[in-house]
Amino acid sequence: MEKQLLRFLVNDQEYELFINPKTLLVEALRDHLGFAGAKRGCDTASCGVCTVMVNGMAVKGCSVLAVQVNGMNITTVEGLEKDGKLDPVQAAFLDEGAFQCGFCTSGMIMSARAFLNETPAPKDTMEIRRGIEGNLCRCTGYNSIVRAIDAVAKGKYREGA
Ligand code: FES
Ligand code: FES
């Protein structure tokens, strides 16, 4: 299969890739561009460890081909920190100890970020749980993750603080 030239923004920087059109987005990010925050787990769109944002929406990087996001704006966990300041979701995850082995964490943070962008004031923790239901965590039991997202929603963490 002939390679294709793709162009997209990753974390506000332009990249060009000349790759096999069968390349998954998560492969393009990890293996071709070095953004290893998005992990590979199930490769069947079930676990969420590969989650990134495409044009602001949470997308599982194993479920789309890189060619499908040609020309789009991609954010990985590496792009959340701005001017040396953690994103509020990252800060809250640290404070609440919302991870153990860490394998799910970058995908979980990206889903939480996309959820809060769309739903800045969730009405209860059930809504938060529904917002991250596409992401599995085998370690934490989810309570600390939900607490962290809830704390951000309640304004405990400010952008750039
Ligand atoms: S690796 Fe993509 S959802 Fe599991
Ligand atoms: S912290 Fe281990 S899978 Fe979530």
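Both counts, for ligands and for their atoms, begin at 1 and track the order of listing.
Between atom 2 (Fe) of ligand 2 and C104 there is no N/O/S contact shorter than 2.8 Å. At a threshold of 2.8 Å, atom 2 (Fe) of ligand 2 has a backbone or side-chain N, O or S atom of C139 nearer than that distance.
Per-residue contacts place C137 under 4.0 angstrom from the following atoms of ligand 2 (heavy atoms of the residue considered): 1 (S), 3 (S), 4 (Fe). Close approach of ligand 2 to G102 is summarised as follows: ligand atoms under 4.0 Å from at least one heavy atom of the residue are 1 (S), 2 (Fe). With ligand atoms numbered from 1 in the order given, ligand 2 contributes 3 (S) to contacts under 4.0 Å with heavy atoms of R138.
Residues R40 and L24 share a closest heavy-atom pair of NH2-CD1, 3.6 Å. Contact detail for S63 and A45: the closest heavy-atom pair is CB-CB, 3.9 Å. Nearest heavy-atom pair across C62 and D43 is CB-OD1, 3.6 Å.
In this structure, Q90 contributes its side chain and L86 its backbone to no donor-acceptor pair below 3.5 Å. Judged by distance alone, the side chain of K39 and the main-chain N or O of G37 form a donor-acceptor pair under 3.5 Å. A donor-acceptor contact shorter than 3.5 Å is absent between the side chain of K156 and the backbone of A153. In this structure, Y157 contributes its side chain and A151 its backbone to no donor-acceptor pair below 3.5 Å.
Judged purely by distance below 3.5 Å, without hydrogens or angles, the side chains of N117 and R113 pair a donor atom with an acceptor atom.
Protein N/O/S atoms found under 2.8 Å from atom 4 (Fe) of ligand 1: C42 SG, C47 SG.
Atom CD of Q100 sits in a crowded spot, with more than 12 heavy atoms from other residues, nucleotides or ligands closer than 6.0 Å.
Taking atom 1 (S) of ligand 2 as the reference point, the nearest protein heavy-atom neighbour is Q100 N, 3.2 Å.
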